[in-house]
**Q** 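Quick one: this structure, given as structure tokens, is what I'll be asking you about.
Because only heavy atoms are used, hydrogens play no part in the values below, and waters and symmetry mates are left out as well, while side chains stay in.
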Amino acid sequence: MSAHTVSLRVYFAIFLALLVLTGLTVSAATIDLGRLNIVIALAIAVVKATLVLLYFMHLRYSPRLTWLVVSVGFVWLAIMITIILVDPLTRGWLMVARP
């Protein structure tokens, strides 16, 4: 496996992008968008995690097997988040008579 070098300019650009995305997360938290707040926060978090994985953890320059392992992990994480979100998002769908 050959070593690769990434310029400091790329690292600073990614760092600035992460700061901007963090600012967007904070800004989105102050706006009441109902259920979209969760979706927006998760979307921004996925973008930030992808940037960190690609550049700071050097996944971009890794072999295909490493990509496969990380992809399977993300698919599993998406399944788990979906299972967790099903409960709070579907509350109130059933009309249960209260005594």
Side-chain angles (χ1 to χ4, degrees):
M1 184 174 182
S2 64
H4 62 275
T5 57
V6 179
S7 68
L8 286 177
R9 186 175 175 188
V10 171
Y11 283 129
F12 282 119
I14 298 301
F15 177 69
L16 288 176
L18 291 173
L19 285 178
V20 168
L21 289 170
T22 302
L24 281 175
T25 304
V26 172
S27 298
T30 59
I31 301 170
D32 185 22
L33 299 173
R35 292 184 178 180
L36 282 179
N37 281 354
I38 294 174
V39 174
I40 290 172
L42 285 176
I44 293 172
V46 167
V47 171
K48 288 168 58 178
T50 303
L51 287 174
V52 169
L53 283 171
L54 288 177
Y55 292 99
F56 290 119
M57 297 180 75
H58 304 275
L59 184 63
R60 183 174 180 188
Y61 310 102
S62 297
R64 298 282 181 210
L65 182 61
T66 306
W67 277 84
L68 178 66
V69 170
V70 171
S71 299
V72 169
F74 268 103
V75 168
W76 183 248
L77 178 65
I79 290 170
M80 296 302 287
I81 288 174
T82 302
I83 290 171
I84 290 171
L85 287 179
V86 163
D87 179 43
L89 293 178
T90 57
R91 289 184 185 176
W93 282 13
L94 298 175
M95 298 299 214
V96 177
R98 297 183 184 223

**Q** Looking only at non-hydrogen atoms, find the nearest pair between Leu89 and Arg35 and report the distance.
**A** O-NH1, 3.7 Å
**Q** Going from CD1 on Ile40 to CG on Leu33, what distance comes out if it is rounded to the nearest 0.5 angstrom?
**A** 5.0 Å
**Q** How close do Pro88 and Ile84 get, heavy atom to heavy atom, and via which atoms?
**A**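 Of all heavy-atom pairs spanning Pro88 and Ile84, the closest is CD-O, 3.1 Å.
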**Q** I need the Leu59 CG to Leu53 CG distance, nearest 0.5 Å.
**A**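 Reported to 0.5 Å precision, the distance equals 6.0 Å.
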**Q** By salt bridge (charged side-chain N to carboxylate O under 4.0 Å, His left out), which residues pair with Asp87, not counting sequence neighbours?
**A**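 Asp87 satisfies salt bridge (charged side-chain N to carboxylate O under 4.0 Å, His left out) with Arg91 only.
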**Q** Starting at CG of Leu19, measure out to CD1 of Ile14 and round the result to the nearest 0.5 Å.
**A** 11.5 Å
**Q** Not counting sequence neighbours, list each pair that qualifies as a side chain to side chain donor-acceptor pair (under 3.5 Å) and has a residue in residues 36-46.
**A** none
**Q** Would you give the length of the straight line joining atom CG of Leu24 to atom CD1 of Ile44, rounded to the nearest 0.5 angstrom?
**A**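 Answer for the CG-CD1 pair, Leu24 versus Ile44, is 5.0 Å.
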**Q** Once you round to the nearest 0.5 Å, how far does CG of Leu51 lie from CZ of Arg60?
**A**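 Going from CG on Leu51 over to CZ on Arg60, the span is 11.0 Å.
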**Q** Take the angle between the ring planes of Tyr11 and His58 and call it parallel below 30°, perpendicular above 60°, tilted in between.
**A** perpendicular
**Q** State, with a plain yes or no, whether a side-chain heavy atom of Phe56 is found less than 4.5 Å away from one of Leu18.
**A** yes
**Q** Going from CG on Leu36 to CG on Leu42, what distance comes out if it is rounded to the nearest 0.5 angstrom?
**A** 11.5 Å
